[in-house]
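Report on the structure given below.
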Protein chains: 2
Amino acid sequence: MPTDTPSAAAPSGSRSLEHPPREDIRLADVLHALADPMRLCIVRTLAAAEGELNCADIELPVSKSTCTHHFRVLREHGVIQQLYRGTAKMNRLRTADLEELFPGLIDGVLRAADLQARRLEAE
Amino acid sequence: MPTDTPSAAAPSGSRSLEHPPREDIRLADVLHALADPMRLCIVRTLAAAEGELNCADIELPVSKSTCTHHFRVLREHGVIQQLYRGTAKMNRLRTADLEELFPGLIDGVLRAADLQARRLEAE
DNA sequence: CTCATTGTACGAGAACCGTCGTAGTTTGAC
DNA sequence: GTCAAACTACGACGGTTCTCGTACAATGAG
């Protein structure tokens, strides 16, 4: 049973961040988290990176505090996992948890986002 | 090219309702429309019915005016099609349009909703 | 015409959301 | 110890959402 949920014990010398356990993740919350262009952009970038990225790696046309807000929404609703590494905060999709809960959902949303982006690009 | 978009010409003796044309439907709007438990319930019921239902056929634990509100959100964001028939207002999913725009998306959401409902049912 | 059915329009209230700027914290490098 | 980098906390703002109740409109049946 793979899981993305961070272990309860706080890692060595880092601040800890609250994540919902997998069984508390609600579909409506996930959809709500994804239902914002900025957050969809974050999620697409993370999916494309297939690894972890810090917040600064994902450029958004909003202020830094707004970025913090969007990352927090994604984390609190179970879409991403965040952890500190030095001064940076690394982000990654909770792919395993989401796949276990809602198989195919995230892939479907990502595919839909790609299709729409391609359509919009072509005017 | 199949479409669920109602024809521009208003049908015989009925009030007309505004629907976004297929090319105006945005992924973030669809996700937002689905990101509410009441609306998710409406969509699941419509999907299970595989046809059209009027608003009264879908019982929700909210007032009638709140129902009207949720149906309108679904319509204005391109998820359902509504048309009057007598005093009733028939609702149906815009399956063809959504499938053309975002293949697999609605099915994925519906499957996720079923899975979650089954989990919650089993406590 | 009258009436019950079905849904709407409107206004209101409470809550929430996305955005920002400013001031602050934590960390690693020097 | 000092400093820059990365991110947060907090409060504020304007806008939107969800909910309701009341009053109203359209339709079909009798």
Side-chain angles (χ1 to χ4, degrees), chain A residues 10-19 26 28-43 45-46 52-77 79-92, chain B residues 10-19 26-43 45-46 52-92:
Chain A
S12 46
S14 272
R15 294 157 275 175
S16 64
L17 263 345
E18 289 204 359
H19 293 75
R26 289 288 162 272
D29 288 340
V30 171
L31 293 177
H32 174 244
L34 297 174
D36 176 281
M38 295 296 162
R39 293 195 291 262
L40 213 38
C41 177
I42 294 175
V43 170
T45 310
L46 285 176
E52 39 183 34
L53 293 176
N54 70 19
C55 295
D57 284 340
I58 303 175
E59 289 175 25
L60 296 174
V62 291
S63 76
K64 233 166 17 143
S65 34
T66 304
C67 275
T68 300
H69 162 72
H70 286 306
F71 278 102
R72 180 169 42 211
V73 171
L74 287 170
R75 168 170 49 85
E76 290 178 345
H77 290 174
V79 180
I80 67 173
Q81 194 220 314
Q82 297 190 286
L83 65 101
Y84 286 104
R85 184 138 74 222
T87 71
K89 191 184 203 172
M90 305 310 289
N91 303 276
R92 88 164 90 128
Chain B
S12 46
S14 272
R15 296 157 273 176
S16 66
L17 263 345
E18 288 204 359
H19 293 75
R26 289 288 163 271
L27 176 59
D29 288 340
V30 172
L31 293 176
H32 175 243
L34 297 174
D36 176 281
M38 296 297 163
R39 293 195 290 262
L40 213 37
C41 176
I42 295 174
V43 170
T45 310
L46 285 177
E52 39 184 33
L53 293 176
N54 70 18
C55 296
D57 285 340
I58 303 175
E59 288 175 25
L60 296 175
V62 291
S63 76
K64 237 175 3 149
S65 32
T66 304
C67 275
T68 300
H69 162 73
H70 286 307
F71 278 101
R72 181 170 39 214
V73 171
L74 287 170
R75 169 170 48 83
E76 290 178 344
H77 290 173
V79 179
I80 66 173
Q81 193 219 317
Q82 298 190 287
L83 64 103
Y84 287 105
R85 183 138 73 223
T87 71
K89 192 185 203 171
M90 305 311 290
N91 303 275
R92 87 165 90 129

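Proteins come first, then strands; the chains are lettered A, B, ... in the order of their sequence lines, and each starts at number 1. When reading the values below, keep in mind they use all heavy atoms of this one structure, side chains included, and skip hydrogens, waters and symmetry mates. Just so it is clear, the structure is predicted and the values come from calculations on it, not from any experiment.
- On a pure distance criterion of 3.5 Å, a polar donor-acceptor pair joins the side chain of Ser65(B) and the base of dG21(D).
- Proximity of Thr66(B) to the phosphate of dC20(D): a side-chain N or O atom is located under 4.0 Å from OP1 or OP2.
- When the P atom of dG18(C) is taken as reference, atom CD of Glu76(A) falls 12 Å away, rounded to whole Å.
- Checking dG21(D), dT19(C), dC18(D) against every side-chain atom of Met38(A), the shortest atom distance belongs to dT19(C).
- In this structure, CE of Met90(B) is placed 9 Å from P of dG7(C), rounded to the nearest angstrom.
- Map Asn91(A) and His32(B) each onto its nearest nucleotide of DNA chain D; the residue landing nearer the 5' end is Asn91(A).
- Side-chain proximity of Asp36(A) to dC18(D), dC20(C), dG18(C): nearest is dG18(C).
- If you measure from atom CD of Glu18(B) to atom P of dA9(C), you get 11 Å, rounded to the nearest angstrom.
- Between the side chains of Ser63(B) and Thr66(B), at least one donor N or O sits under 3.5 Å from an acceptor N or O.
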Full working for side chain to side chain contact (heavy atoms under 4.5 Å, CB included) between Met90(B) and Leu53(B) = CA-CA 5 Å; Met90(B) 305 311 290; Leu53(B) 293 176; 5.5 Å; no

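- A residue-by-residue look at Arg39(A) and Thr68(B) shows that Thr68(B) has its nearest nucleotide of DNA chain C further toward the 5' end.
- Between Thr87(B) and dT5(C) there is no side-chain polar atom (N or O) within less than 4.0 angstrom of OP1 or OP2.
- At a threshold of 4.0 Å, the pair Glu18(A)-Arg75(A) does not count as salt-bridged, since none of the basic side-chain nitrogens sits closer than that to a carboxylate oxygen.
- Rounded to whole Å, atom P of dA26(D) lies 16 Å from atom NZ of Lys64(B).
- The nearest whole Å value for the distance from the CG atom in Leu60(A) to the P atom in dC20(C) is 10 Å.
- Separation of the His32(A) and His77(A) ring centroids falls under the 6.0 Å cut-off.
- Atoms CG and CG, on Leu46(B) and Leu74(B) in that order, are 8.0 Å from each other to the nearest 0.5 Å.
- Here dG7(C) is the nucleotide among dC20(C), dG18(C), dG7(C) with the atom lying nearest to any side-chain atom of Tyr84(B).
- In this entry the distance linking CD of Gln82(B) with P of dG7(C) reads 10 Å, nearest Å.
- We find that NE2 of His70(A) is positioned 18 Å from P of dC16(C), with the value rounded to whole Å.
- You'll find that the side chain of Arg72(B) is closest to dA9(C), out of dC17(C), dA6(D), dA9(C).
- Residue Arg85(B) places none of its side-chain N or O atoms closer than 4.0 Å to OP1 or OP2 of dT6(C).
- Atom pair His69(A):NE2 and dG21(C):P shows a separation of 15 Å (rounding to whole Å applied).
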